[in-house]
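Bear in mind the structure is a predicted one, so any value in this text is a computation, not a measurement. First the proteins, then the strands, lettered A, B, ... as listed; each starts at 1.
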Protein chains: 2
Amino acid sequence: MTTDNSNSSSTEFSDPIDAVRPDDLRLEKFLPYRLSVLSNRVSNAIADAYSARFDLTIPAWRVMAILGRFPNLSAADLVEQTAMDKVAISRAVSILIKNDYITRSEDLADRRRQVLNLSQLGRDVYDRIVPLAQQYENDLMGSLSAEERGQLDSIIEKLMTRAQDWANRGLID
Amino acid sequence: MTTDNSNSSSTEFSDPIDAVRPDDLRLEKFLPYRLSVLSNRVSNAIADAYSARFDLTIPAWRVMAILGRFPNLSAADLVEQTAMDKVAISRAVSILIKNDYITRSEDLADRRRQVLNLSQLGRDVYDRIVPLAQQYENDLMGSLSAEERGQLDSIIEKLMTRAQDWANRGLID
DNA sequence: TAGCAGTGGTTACAATTGAAACCAATTTTA
DNA sequence: TAAAATTGGTTTCAATTGTAACCACTGCTA
């Protein structure tokens with residue numbers, strides 16, 4: 001990751017013409033906006049699909065998805081893995097326990113921690129949702145060429161890193 | 001600033017059971033999930049930036065962004081342009097009017113319609129936010145090569161179309 | 001021109017979300 | 001070894017959001 005233009009402070013002079021009169025913002029080409037619209041469309045469609053079949057919210061499904069792959073995590077581990085909020089995890093977990101989709105057991109070594117796992121029922125549901133999720137993804141990806149899929153992967157990685165920098169270092173000013 | 005728990009603790013997660021169950025969902029590679037994380041990180045960072053400076057929510061800012069480019073729109077026109085919800089527009093508009101950022105005048109030809117425009121104050125704010133927004137976008141885009149920027153543009157277009165199809169045709173099943 | 005379906009926009013209410021306060025267990029420090 | 005600080009997790013409350021009902025107006029139809 002290069003650190004060149006990390007902080008374009010006001011000590012730099014920009015092209016006077018740009019500075020005098022800002023161009024109008026073309027929202028329909030503005031990346032943050034497009035990302036938001038795209039992400040919402042995709043997430044909502046998929047959420048509809050599995051909330052109709054199983055009784056799962058998006059955060060709840062995410063928790064299951066992680067636990068399906070990484071057993072024996074605590075809520076804090078889930079926060080780390082998913083970048084979701086602590087409270088969202090707590091609520092998702094409590095719903096999932098109520099539905100008997102996951103189990104919670106005390107960690108005797110540290111009695112604040114609670115170790116989470118898919119229950120048998122949860123595993124069954126998981127096994128049925130995964131193909132569904134993959135079908136959606138395949139369908140989405142199917143609109144791209146193999147080459148584009150590779151490009152997208154690396155582009156997302158780069159954008160993610162940059163956005164992450166914002167959060168860590170504070171905002172641009 | 002949005003919390004992004006960068007807890008690089010040395011906690012070791014148990015091995016992914018990937019080897020045992022090759023069909024598990026790899027959430028961290030799952031496009032809908034990645035899009036959502038990316039979009040949230042980007043939007044939150046930017047929203048923080050301008051809500052700190054001006055008193056604007058994301059929907060309110062979007063309304064201003066559109067009105068800055070296309071004067072004399074009604075709320076319904078805004079719905080069409082932004083793909084935002086009717087109610088969200090109505091609320092954003094009422095906040096913006098309260099702040100004197102936009103004006104509302106009756107359309108005498110159709111007395112249900114109300115024609116919206118940036119006020120002088122709103123125009124001033126707009127002119128100050130646009131460069132800020134562009135700075136964020138430039139910074140994001142700066143992490144990509146010119147080639148990648150072109151690729152991203154066309155990829156987003158394709159994905160958007162596909163996701164749109166889902167909404168129109170009903171879900172995959 | 002009365003009746004009725006559609007449109008523009010707001011309101012009301014319920015569900016979701018986030019921030020901050022909080023409790024309990026653990027670790028640190030002096 | 002007793003505070004003090006930290007960590008894991010939940011609860012509370014307020015703000016945001018989505019859905020549905022709603023009012024006012026228009027325009028079509030008969």
List the residues meeting side chain to side chain contact (heavy atoms under 4.5 Å, CB included) with B:E106, not counting sequence neighbours, and say none if there are none. B:R111
[Y]/[X] salt bridge by N-O under 4.0 Å criterion:
X: B:K158; Y: A:E148; value: yes
X: A:D77; Y: A:R113; value: yes
X: B:R69; Y: A:E28; value: yes
X: A:D107; Y: A:R112; value: no

Pairs: protein N or O with nucleotides 10-13 of chain D N or O, under 3.5 Å:
residue	atom	partner	partner atom	Å
D:dT10	OP1	A:R104	NH1	2.7
D:dT10	OP2	A:S90	OG	2.8

Interatomic distance where [atom1] belongs to [X] and [atom2] belongs to [N] [whole Å]:
X: B:D85; N: C:dA12; atom1: CG; atom2: P; answer: 17 Å
X: B:M84; N: D:dT19; atom1: CE; atom2: C1'; answer: 16 Å
X: B:E106; N: D:dT26; atom1: CD; atom2: C1'; answer: 14 Å
X: A:R113; N: C:dC23; atom1: CZ; atom2: P; answer: 23 Å
X: B:L56; N: D:dT16; atom1: CG; atom2: P; answer: 13 Å
X: A:N44; N: D:dT19; atom1: CG; atom2: C1'; answer: 14 Å
X: A:N40; N: C:dT16; atom1: CG; atom2: C1'; answer: 14 Å
X: B:D107; N: C:dT7; atom1: CG; atom2: C1'; answer: 13 Å

Give every donor-acceptor pair under 3.5 Å between a side-chain atom in residues 89-97 of chain A and any protein atom, sequence neighbours left out.
residue	atom	partner	partner atom	Å
A:S94	OG	A:R91	O	3.2

Please work out if B:D110 contacts a base, only the sugar-phosphate, or nothing of the nucleic acid, heavy-atom cut-off 4.0 Å. sugar-phosphate
Phosphate contact (D:dT16 OP1 or OP2) by B:T57 side-chain N/O below 4.0 Å: no
Mark yes or no for a side-chain to base donor-acceptor pair under 3.5 Å between B:R112 and C:dT7, with no hydrogen or angle criteria applied. yes
Working to the nearest 0.5 Å, report the span between CD1 of A:I156 and CG of B:L152. 8.5 Å
